[in-house]
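Take a look at the structure set out below.
So that the names make sense, note that chain A is the first sequence line, chain B the second, and so on, each numbered from 1.
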Amino acid sequence: MAQEVRVRFAPSPTGYFHLGGARTALYNWLFARHNGGKFILRIEDTDRTRYHPDAVPFLLESLRWLGCMWDEGPEVGGSCGPYYQSDRIALYQQYAEQLIAEGKAYRCYCSSERLAALREQQHAQGVKPGYDRHCRHLTRQQIADYEAAGVAPVVRLAIPLEGETAFEDRLRGRIVVNNSELDDLVLLKSDGFPTYHLGVVVDDHLMGVTHILRGDEWLASAPKHQLLYDAFGWQMPEHVHLPTILDPSGKGKLSKRRQRGPGQEDQLTFIHEFRQAGYLPEAMVNFLALVGWSYDSETEFFTRDKLIRYFDLDRVSKSPSAFSYDKLQHMNAVYIRNLGDNDLTNRLLPILRAAGFKADFGRVLAFAPLIKERLRLLGDAVDMLRFALVDSLEYPTEDLVPRKLDAATAREILARTRTVLAALPSFQHAVTEAALRELADGMGLKLRDALGSTRVAITGAAVSPPLFESMEILGRECVLARLDEAIARLG
RNA sequence: GCCGCAUUCGUCUAGCGGCCUAGGACACCGCCCUCUCAAGGCGGAGAUCGGGGGUUCGAAUCCCCCAUGCGGUACCA
């Protein structure tokens, strides 16, 4: 039987969890589920200067929200822990020692000043930048001197001076680089922490990772990793470098930071922001899956189960793709439309309450079918339902007078509307609609024109959910009161 | 600079030698429906497949060169 598939998502806690990370996590998760394997979460917190304390909580929360539960990792544990690299320091040091002992790595005592000067000089001379291997062949005496001076060394991998290194990328095929292009990369920093390169190789091996799906910014360092695997005598897992996600114009990389040009709307990039804005996790997952992967020429909507069933590395794209907020919104709107009324209401309530409304379930539920097909984001409901959740409306009085009418006419319409509605035997929308149609006819007005003032009077806006249904839910008392208020304002 | 990767409508994509006068989706435009706004229906515009050479009876699909974009070139991941 084939080896169990084990994949991992290994973010660095340096900032909030963003789109690119989410896509990578999702692909790993889908791949694991598709193959009945394990999805491991590992925190690569080896950079103490860039560490951000909020990062991990936001990450875990977002992953859970997206439904990408990890089988091993923080909070759930597992047999290959610990899952924070900062808790595995001794391990990396031990492996670094081993390579030194075998002559495959060496201690480097060069100061960062010297390295900076070296780079500057190389730049000025127009030669290829890189470490000059100053410490690769130090004498016993030189080493003793450095040690005596208390210089804290780094550990560097001794890259073969000649030959080439090749590895296989699942998507791009065989990639070969000349070893002369490769630097003696740092494995262990002078503070004793591993660099990404050492940490990732040691952990992926120790954790039994079989496939590495990661962003293609790593493609260039894969040959170095191959050399590291070779140095340890380990087999390198299969690599899949996922294409970059570009900004909506398709011209630049999607910034992790807020990118906002003149006249441009805010572009969300952090997962918790999408959640706050009212995106559904199922829409998010569906859409994210399609950024760099496709099933066929037409299918775009997939349930989670279908995604798991269909996800296939062979259909992952090689080229970068722009992130289309328009399309995400469209997809979100479709998902919202397909929600049951109860479900939608439950998702709306926390948002409405957060916006300051004392929204009760029954009222929101009643409006759910009315607003469902008008929402693109759950958050749209805040403005859409304001009139239904608030005691008194706020709107400029002049809004009561539609463009083609004058104030006196508007007032007359409102007054007659009030009279008609007050006299009706029932307030069901079919009844009120019939009555107001008749009224409009009698006044020689089109319904749409006759309703203009009334809509503003009842909802405070010229655009609203269907008026008659809304009035039925609000109830006669509320409707008449609002009409009175409007009439008074025009009087 | 050097190394690597990528290149089909504005955007996401289908396409893996003939089914392509290149299909679908978002966005856009028009019409219909309509109490506003949506939703929905119908239709439209939009890609000489980055450019140039080959290979082949035949290329978006295979090969080479160029251009452009992106990534890497850290004691950051």
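OP1 or OP2 of B/rU13 lies within a sub-4.0 Å distance of a side-chain N or O belonging to A/Ser321. For A/Ser464 and B/rU36, the shortest distance from a side-chain N or O to OP1 or OP2 is not below 4.0 Å. A/Ser294 has no side-chain polar atom (N or O) that falls below the 4.0 Å cut-off from OP1 or OP2 of B/rC12. A close approach under 4.0 Å does occur between a side-chain nitrogen or oxygen of A/Arg337 and OP1 or OP2 of B/rG40. When the side-chain nitrogen and oxygen atoms of A/Arg315 are compared with OP1 and OP2 of B/rG15, one or more of them lie within a distance under 4.0 Å.
Among the atoms of the strands shown, base atoms are found under 4.0 Å from some heavy atom of A/Pro465. Here A/Thr46 lies in heavy-atom contact (under 4.0 Å) with sugar-phosphate atoms only. A/Gly292 comes within 4.0 angstrom of the backbone, heavy atoms only, and of no base. Here A/Ser297 lies in heavy-atom contact (under 4.0 Å) with a base. Residue contacts shown for A/Gln85 are absent, as no nucleic acid heavy atom lies under 4.0 Å away. A/Phe193 comes within 4.0 angstrom of nothing in the nucleic acid, heavy atoms only. Note on A/Val186: only backbone sugar-phosphate atoms sit closer than 4.0 angstrom, heavy atoms only; bases stay farther off.
More than 12 heavy atoms of other shown residues, nucleotides or ligands fall within 6.0 angstrom of atom NZ in A/Lys104.
Looking at the side chain of A/Lys189, the nearest of the listed nucleotides B/rU11, B/rC75, B/rG24 is B/rC75. Nearest nucleotide to the side chain of A/Asp47, out of B/rA77, B/rA25, B/rA27: B/rA77. Of the candidates B/rC75, B/rU11, B/rG23, the closest approach to any side-chain atom of A/Ser324 belongs to B/rU11. The side chain of A/Glu373 approaches B/rA39 more closely than any other nucleotide in the set B/rA77, B/rC35, B/rA39. Here the nucleotide nearest the side chain of A/Glu44, chosen from B/rG1, B/rA77, B/rC3, is B/rA77. The side chain of A/Glu181 has B/rC2 as its nearest neighbour among B/rU36, B/rC2, B/rA27. Side-chain proximity of A/Ala220 to the nucleotides B/rU36, B/rG72, B/rC35 is greatest for B/rG72. In this structure, of B/rG1, B/rC75, B/rA27, it is B/rC75 that holds the atom nearest to the side chain of A/Ser190. Proximity note for A/Leu467 (side chain, C-beta onward) versus B/rU36, B/rA77, B/rC35: the nearest is B/rC35. The side chain of A/Lys327 lies closest to B/rG24, out of B/rC35, B/rC75, B/rG24.
For A/Leu246 and B/rC70, the CG to C1' distance is 7 Å, given to the nearest whole Å. The CD-P distance, from A/Gln329 to B/rA39, rounds to 12 Å in whole Å. The interatomic distance linking A/Asp191 (CG) with B/rA74 (C1') rounds to 14 Å, in whole Å. To the nearest angstrom, P of B/rG1 lies 11 Å from NE2 of A/His123. Atom CG of A/Asp383 is separated from atom P of B/rU36 by 21 Å (rounded to the nearest Å). Atom CG in A/Leu288 sits roughly 13 Å away from atom C1' in B/rC12 (whole-Å rounding). Atom pair A/Phe387:CZ and B/rC37:P shows a separation of 16 Å (rounding to whole Å applied). Rounded to whole Å, atom C1' of B/rA14 lies 13 Å from atom CH2 of A/Trp293.
Below the 3.5 angstrom threshold, one finds no donor paired with an acceptor across the side chain of A/Glu217 and the base of B/rC76.
Residues from residues 442-454 of chain A with heavy atoms under 4.0 angstrom of RNA chain B, sorted by number: A/Leu447, A/Arg448, A/Leu451.
B/rG15 and B/rC20 have their C1' atoms separated by 9 Å, given to the nearest Å. Across the P atoms, B/rC64 and B/rA6 are found 12 Å apart, a figure rounded to whole Å. Distance noted for atom C1' between B/rG46 and B/rC26: 13 Å (whole Å). B/rC57 sits 42 Å from B/rG1 when the P atoms are compared, rounded to a whole Å. Atom C1' of B/rC9 sits at a distance of 12 Å from the matching atom of B/rG24, rounded to the whole Å. Rounded to whole Å, the C1' atom of B/rG18 lies 10 Å from the corresponding atom of B/rA59. A gap of 13 Å separates the P atoms of B/rC16 and B/rA60, to the nearest Å. A distance of about 9 Å separates the C1' atoms of B/rG10 and B/rC28, rounded to the whole Å.
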>> Is there a side-chain hydrogen bond (donor to acceptor under 3.5 Å, both in side chains) between A/Gln142 and A/Tyr109? Walk through the geometry before answering.
In response: CA-CA 10 Å; A/Gln142 286 173 305; A/Tyr109 298 88; over 6 Å; no
>> With salt bridge (Lys or Arg N to Asp or Glu O under 4.0 Å) as the criterion, how do A/Asp183 and A/Arg156 come out once you've worked through the C-alpha distance, each side chain's angles and the decisive distance to 0.1 Å?
In response: CA-CA 9 Å; A/Asp183 239 4; A/Arg156 287 181 185 271; 5.5 Å; no
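A/Glu472 and A/Gln428 are not linked by any side-chain donor-acceptor pair at a separation below 3.5 angstrom, with hydrogens and angles left out of the test. Side chains of A/Asn286 and A/Tyr335: a donor on one and an acceptor on the other come within 3.5 Å. Checking A/Tyr92 against A/Asp203 by side-chain atom types alone, a donor-acceptor pair falls below 3.5 Å. Using a 3.5 Å distance cut-off with no hydrogens or angles, the side chains of A/His241 and A/Asp169 do pair a donor with an acceptor. A/Tyr295 and A/Asp312 share no side-chain donor-acceptor pair at under 3.5 Å. No hydrogens or angles considered: nothing links the side chains of A/Ser324 and A/Asp326 as a donor-acceptor pair under 3.5 Å.
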Is there any protein nitrogen or oxygen under 3.5 Å from a nitrogen or oxygen in nucleotides 18-20 of chain B, and what are the pairs?
none

Nucleotide N/O to protein N/O under 3.5 Å, stretch nucleotides 5-8 of chain B:
residue: B/rC5; atom: O2'; partner: A/Arg172; partner atom: NH1; Å: 2.6

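Comment: A/Arg170 does not engage A/Glu168 in a salt bridge, judged by the lack of any side-chain N to carboxylate O separation of less than 4.0 angstrom. With respect to the salt-bridge test (charged N to carboxylate O, under 4.0 angstrom), the residues A/Asp343 and A/Arg347 qualify. Ion pairing between A/Glu97 and A/Arg107 holds under the 4.0 Å rule for side-chain N and carboxylate O. A salt bridge does not link A/Asp380 with A/Arg374: none of the charged nitrogens is closer than 4.0 Å to a carboxylate oxygen.
Residue A/Arg42 holds its CZ atom at 10.0 Å from CG of A/Leu206, rounded to the nearest 0.5 Å.
The ring of A/Phe58 has its center no closer than 6.0 angstrom to the ring center of A/Phe270. With ring centers used as reference points, A/His52 lies under 6.0 Å from A/Tyr16.
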